[in-house]
Amino acid sequence: MCPAPAQELSVTEKRVLIALKKLKGFGTPEQLQEAMLPEEIASLSSGLINCLDNAFSDAGISISDNQRARLIEAFLRDCMIADEKLMKGAIMSTLITQLSNPILGQDVPGQRNIIGKLLGDCIPSIVGSLRRIMDSGDSIFVSQVEVMNACSWLRSKGLAEMSEKLEKYYSLVSKRTGQMDLPERRALKAMKKAHGTMTVDELRKDKNLKSEEVPIAMGWLKRKGWITIDKKGGETVLELTQTGKDMLSKKGLDEELIETLAQGQKHESEIEEDIIDKLIKRQDIVKIKEQVVRTIMITQEGIDLVDAGLEIFEEISNLTPELIQTGQWRDKSIRRYDIGTFAPDINSGKMHPLQQYIEKVRRVFLSMGFLEIDYGYVQSAFWNMDALFTAQDHPARELHDTLYLSQPGDMELPDSNIVDKVKKMHETGDENSDGWQYDWQRDIARKSLLRTHTTVNTIRYLAQNPEPPLKVFSVGPVFRKEAVDSTHLPEFIQVEGIVMEEGANLAMLVGLLKEFYSRMGIDNLRIRPGYFPYTEPSLEPEIFYNGSWMELGGAGIFRPEVTKPLGVEHPVLAWGLGLERLVMTLLEMKDIRKLYVSDIDWLRDSPSIG
């Protein structure tokens with residue numbers, strides 16, 4: 001690529017090159033924007049750093065260079081008003097609008113503290129700076145968009161290079177998270193009071209632990225080696241280990257990290273990766289903010305051009321009727337039009353890659369003779385859990401796994417004939433099953449929730465159509481209270497289906513799964529035995545990816561305890577498969593979250609699915 005001569009550069013491109021040379025060859029768009037500011041606007045920028053740092057210091061929040069640049073742009077656009085009272089009002093409105101997220105993220109006393117400091121320190125300083133800018137008459141400000149456009153053109157002309165890096169910042173979900181002990185720490189304190197030994201029932205009675213926190217606390221106590229768990233006299237007994245006793249007087253690494261994050265947001269370079277990963281897998285503790293950091297570097301050709309001297313003067317890039325009619329164009333420099341100049345690619349609109357694969361799943365199943373069904377996102381616990389022979393005290397029903405709704409809080413149950421049969425199967429079973437042996441509660445079955453699997457679709461359809469043959473599928477979102485990581489999401493697309501016919505068997509299910517994945521483009525599939533509460537036998541399809549086998553979903557034959565109450569007398573082959581993991585492997589992605597990040601370059605470059 002041949003570098004462009006100086007006359008082919010716009011005024012902003014020349015300013016960016018000069019700023020890059022001034023910054024010793026490289027800088028972020030924010031740093032370039034700062035280096036291009038006139039003296040009085042640069043003074044406003046440095047003053048903003050001090051007053052905003054002071055206003056948000058107690059909250060542990062740092063205002064980014066990008067946010068500050070947007071503030072300056074808004075001040076110059078909206079607040080250059082002669083009347084001082086109106087100017088102050090416009091400045092306050094701009095501050096509150098631009099900084100609403102960090103302000104509203106605080107409790108009420110915190111919000112008052114920040115707004116008080118903005119009123120007392122920031123506004124007088126900004127008013128003084130804007131007055132000086134108005135007096136100087138030099139209010140030229142190059143926006144972030146203009147800087148990035150110029151950088152893109154300089155890259156295309158061989159005068160600059162650009163790199164991008166995704167950086168992560170970690171903070172606590174809420175201030176309260178940093179003020180409360182972890183469940184296992186509270187359980188540890190309870191065990192100390194009990195002299196190191198207590199039963200699970202005694203732990204449940206501790207006033208510092210909620211009922212849903214007890215299994216969480218026990219799991220982490222065991223995982224960290226702080227307790228042993230044994231059965232004694234028909235009771236589950238917890239006993240402190242020596243490690244647990246040692247930890248009574250000191251904090252764990254994860255607890256120390258929580259204390260650090262309570263002081264404010266931290267960059268990934270300031271945190272040990274393995275410790276933050278463990279906290280991320282726990283729910284409602286840490287939140288992640290991802291930020292793309294762009295760095296622009298001047299090339300040798302760019303340096304040579306700056307050293308040769310760049311003359312900056314106003315030029316016209318668009319001839320308007322006014323310029324022509326008044327003759328002003330004669331006294332202006334008109335930018336030369338070059339048909340050989342680089343122009344950006346024109347990208348046509350297309351469907352999101354994930355949606356393309358959803359459509360492909362539909363085509364595959366429809367071509368295999370299946371019928372598509374769906375019953376909506378909001379379901380009762382009866383259809384989501386009870387009809388699938390999931391006991392009402394099963395851990396999957398806990399608040400930390402399932403998203404229950406307050407509006408509506410409950411839903412109507414189906415025909416009493418089905419409900420009574422499901423109730424009986426749970427309580428006493430039948431001639432071939434003992435059931436779960438507990439008192440089944442209608443109130444629990446009525447609870448409304450966001451469906452945790454699309455099996456709720458197939459079981460409802462099966463209840464309405466108990467006679468064979470039957471081949472149906474559904475594809476749609478399901479919701480679980482999952483900690484987000486590279487292979488888990490709280491909302492994901494599930495591919496669900498059933499086949500019911502006389503003589504249906506496990507070999508048919510295995511063949512069907514292999515055929516589906518083969519048509520989706522997967523050739524390194526393995527199927528191994530698995531366990532699921534409502535199928536027996538059960539299977540798990542897996543794919544070898546990124547050095548290990550990754551589960552793609554679950555499958556099996558519905559247990560008689562599921563089908564008999566619905567009046568179904570023949571075997572039902574069933575499967576529920578996660579689509580995002582499949583797409584991640586087909587697109588050779590290492591992080592499932594990228595499917596939901598608005599990365600325009602990746603979206604444009606992603607292939608169209610046939």
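Basis for what follows: all heavy atoms, side chains included, without hydrogens, waters or symmetry-related copies.
Applying the salt bridge (Lys or Arg N to Asp or Glu O under 4.0 Å) rule to pairs touching residues 443-460 yields Asp374-Arg451, Asp443-Arg446, sequence neighbours excluded. Applying the salt bridge (Lys or Arg N to Asp or Glu O under 4.0 Å) test to residues at least two apart or on different chains, the pairs with a partner in residues 228-242 are Lys232-Glu239. Every pair passing salt bridge (Lys or Arg N to Asp or Glu O under 4.0 Å) that includes a residue from residues 543-560 is listed here, sequence neighbours excluded: Arg559-Glu561. Residue pairs meeting the side chain to side chain donor-acceptor pair (under 3.5 Å) criterion with at least one partner in residues 214-223, sequence neighbours excluded, do not occur; the list is empty. Among residue pairs with one or both ends in residues 534-544, those qualifying as salt bridge (Lys or Arg N to Asp or Glu O under 4.0 Å) are Arg526-Glu542, Arg528-Glu540, Arg528-Glu542; sequence neighbours excluded.
For Tyr375, the side chain to side chain donor-acceptor pair (under 3.5 Å) partners are Gln464, not counting sequence neighbours. Residues meeting the side chain to side chain donor-acceptor pair (under 3.5 Å) test with Thr197, sequence neighbours left out: none. With sequence neighbours left out, the side-chain contact (heavy atoms from CB on, under 4.5 Å) criterion links Asp434 to Gln437. Contacts of Tyr438 classified as side chain to side chain donor-acceptor pair (under 3.5 Å), with partners at least two apart in sequence or in another chain: His426. Listed by chain and residue number, Tyr461, Leu470 satisfy the side-chain contact (heavy atoms from CB on, under 4.5 Å) test with Asn465 (two or more places apart in sequence, or in another chain). Gln98 meets the side chain to side chain donor-acceptor pair (under 3.5 Å) test with no other residue; sequence neighbours excluded. Contacts of Asp430 classified as salt bridge (charged side-chain N to carboxylate O under 4.0 Å, His left out), with partners at least two apart in sequence or in another chain: Lys564.
Using modelled atom types and a 3.5 Å distance limit, the side chains of Thr94 and Thr97 yield no donor-acceptor pair. Side-chain contact, Asp246 with Trp226: no donor N or O sits under 3.5 Å from an acceptor N or O. Residues Asn384 and Thr452 have side chains that bring a donor and an acceptor to within less than 3.5 angstrom of each other. With hydrogens and angles left out, the side-chain atoms of Gln494 and His453 include no donor and acceptor closer than 3.5 Å.
Using a 4.5 Å heavy-atom cutoff, the side chains of Leu99 and Phe56 are in contact.
Listed for the Glu496 side chain is no donor-acceptor partner under 3.5 Å among the backbone atoms of Thr458.
A salt bridge links Asp254 with Lys224: the distance from a Lys NZ or Arg NE/NH1/NH2 to an Asp or Glu carboxylate oxygen falls below 4.0 Å. Between Arg593 and Glu290 there is no salt bridge, since no side-chain nitrogen of the basic residue lies less than 4.0 Å from a carboxylate oxygen of the acidic one.
Residue Tyr169 qualifies as enclosed at atom OH: its count of foreign heavy atoms under 6.0 Å is above 12. Within a 6.0 Å radius of NZ in Lys210, no more than 12 heavy atoms belonging to other residues, nucleotides or ligands are found.
Tyr534 has its ring centre no less than 6.0 Å from the ring centre of Phe389.
Taking CD from Gln291 and NZ from Lys289, the interatomic distance works out to 5.5 Å, rounded to the nearest 0.5 Å.
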